[in-house]
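In listed order, ligands and their atoms are each counted from 1.
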Amino acid sequence: MRSGPVTLLLSAFLCATGCSDSGGEGETGGAGATSGTAGTTGGTGGATGVTSGVTSGTGGATGVTSGVTSGTGGATSVASGSGGAGGGTGGAGGAEARVPAASASTMREAGEKANPPILIGAAISGSGLNDNGYKSVAAAEHNYVTAENEMKWNAVEPNAGQFSWGAADNIVNWAVSNRMQVKGHTLVWHNQLPGWASSLSGAAQVEQAMRRHIEGVMGHFKDRVHTWDVVNEAVLTDSDTGVGNPRMRPSVFFNALGEGFLDLAFEIAREQDPTAKLYYNDYSIDALNEKADFVYEMVKGMVERGVPIDGVGFQMHIGPPNNEAGGADVAANLRRFSDLGLEVLISEMDINRCSNQVTAEEQLAYYHDIVEACFQLPKCVGITFWGINDGRSWLNGWSGALCNGQSSQSLLFTDQYQKKETYNKVLDALLGR
Ligand code: 9MR
């Protein structure tokens, strides 16, 4: 963790900052591919794998663990999987690839027409909703909303037991009126806590406050919000890139309740809403590194204990000070988490170009290949970008991002809401190109 006079301010931001699929062992399915090397598309026959099969198509095949759809047309595999269309209904079988829309003029349309559909999200700020250009791009291009700050603990429960819904309701109601889903962000997090919550101590006090908060917030939004980041950023490493001594992060929750605070938070959330999707969310776990391994084991333990977790959000803040993650590694990482039976999602994507640590060409490749990695995995249910236009990016104003007052150039739209080349790369990936 960082220290110094600006520690508090920095650590407020620090938080965040932050398969080869062999084609499975395809089982049945005519002449379909089983294992494959360079993923192919199309084909006949088909097979789905035991844990991570690939294709879609018309042939028959069954897998074993978690299959999804059938479709037509072969699928592209992610890192090395098989193609071969053919595959089957899958039943409960291996994951088959998502089938892209034949065409679409917006990301939202591409996501809605894909089979299975994929949510296309954006972090939305209250101030952005005062800007008509922002609003119209946000609603045309996305169907999933995360409030950038307005649903955090300090915003909705600034005083113990006294809730304040105005700013959050504003965003949620705008989203609902534009037929967008909302992900509640975030119930239990060490950051953006009001002073009274940060100074709680003792298991009983902390549990009582956590329970009241989860119940109060989920209860208020119950009819409008059906997916939640229940716990955010509970794991820490020495470096923001996810390397070095991964461990549970000290926090008011961990300090009072130990690692069990995670199980407890998810159990309270499940009691409050039996059908909501409940996610763990973190940064710099996007590819294969020590932090991702630690979170994998943590989440695997939760699944094995029967803790009601539905999925994991991979924030995908790429570039300084966080990790960089190539498409193939992201694909492999998402795949291993989804093989636990969980949904996965890209939850806060941006790619920081400040300091030129990431070049323009690298940024385009990252946007395309990382979106593709999620798109090709049916259990990757959504991709959320952390903002709409470059000028409003949180990165611009944070010293850790090395922008020195410059724009981070991290998103998909210019300040005049023109599509950037990054947008085109994302749309390509959503259309299977
Ligand atoms: O984008 C958010 C920024 O406006 C806030 O100042 C910051 C404070 O912590 O939080 C930012 O959002 C974070 C998100 O809630 C959790 N993951 C990391 C995000 C970027 O820091």
Going by heavy atoms in the side chains, are Val172 and His220 under 4.5 Å from each other?
no
Considering the heavy atoms of [X], write down every atom of ligand 1 situated less than 4.0 Å from one of them.
X: Asn191; value: 9 (O)
X: Trp394; value: 1 (O), 3 (C), 20 (C), 21 (O)
X: Asn232; value: 16 (C)
X: Gln315; value: 17 (N), 18 (C)

Does [X] use its side chain to pair, donor to acceptor, with the backbone of [Y] at less than 3.5 Å?
X: Arg247; Y: Asn245; result: yes
X: Gln205; Y: Ser201; result: yes
X: Asp229; Y: Lys183; result: no

Determine, using heavy atoms of Trp386 and all atoms of ligand 1, whether some pair is separated by less than 4.0 Å.
yes
Where on Trp189 is there a heavy atom closer than 4.0 Å to ligand 1, on the side chain, on the backbone, on both, or on neither?
side chain
Residue portion contacting ligand 1 (non-hydrogen atoms closer than 4.0 Å) for Asn149:
side chain
Which option, Glu233, Gln192, Glu148, owns the non-hydrogen atom nearest atom 16 (C) of ligand 1?
Glu233
If you take the nearest heavy atom of each of His317, Lys152, Arg392, which one is closest to atom 11 (C) of ligand 1?
Lys152
For Glu324, all residues meeting side chain to side chain contact (heavy atoms under 4.5 Å, CB included), sequence neighbours excluded
Ile318, Gln357, Val358, Tyr366
Which residue pairs pass the disulfide bond (SG atoms under 2.5 Å apart) test when at least one of the two sits in residues 239-299, sequence neighbours left out?
none
Would you call the rings of Phe337 and Phe314 parallel, tilted or perpendicular, taking 30° and 60° as the class edges?
perpendicular
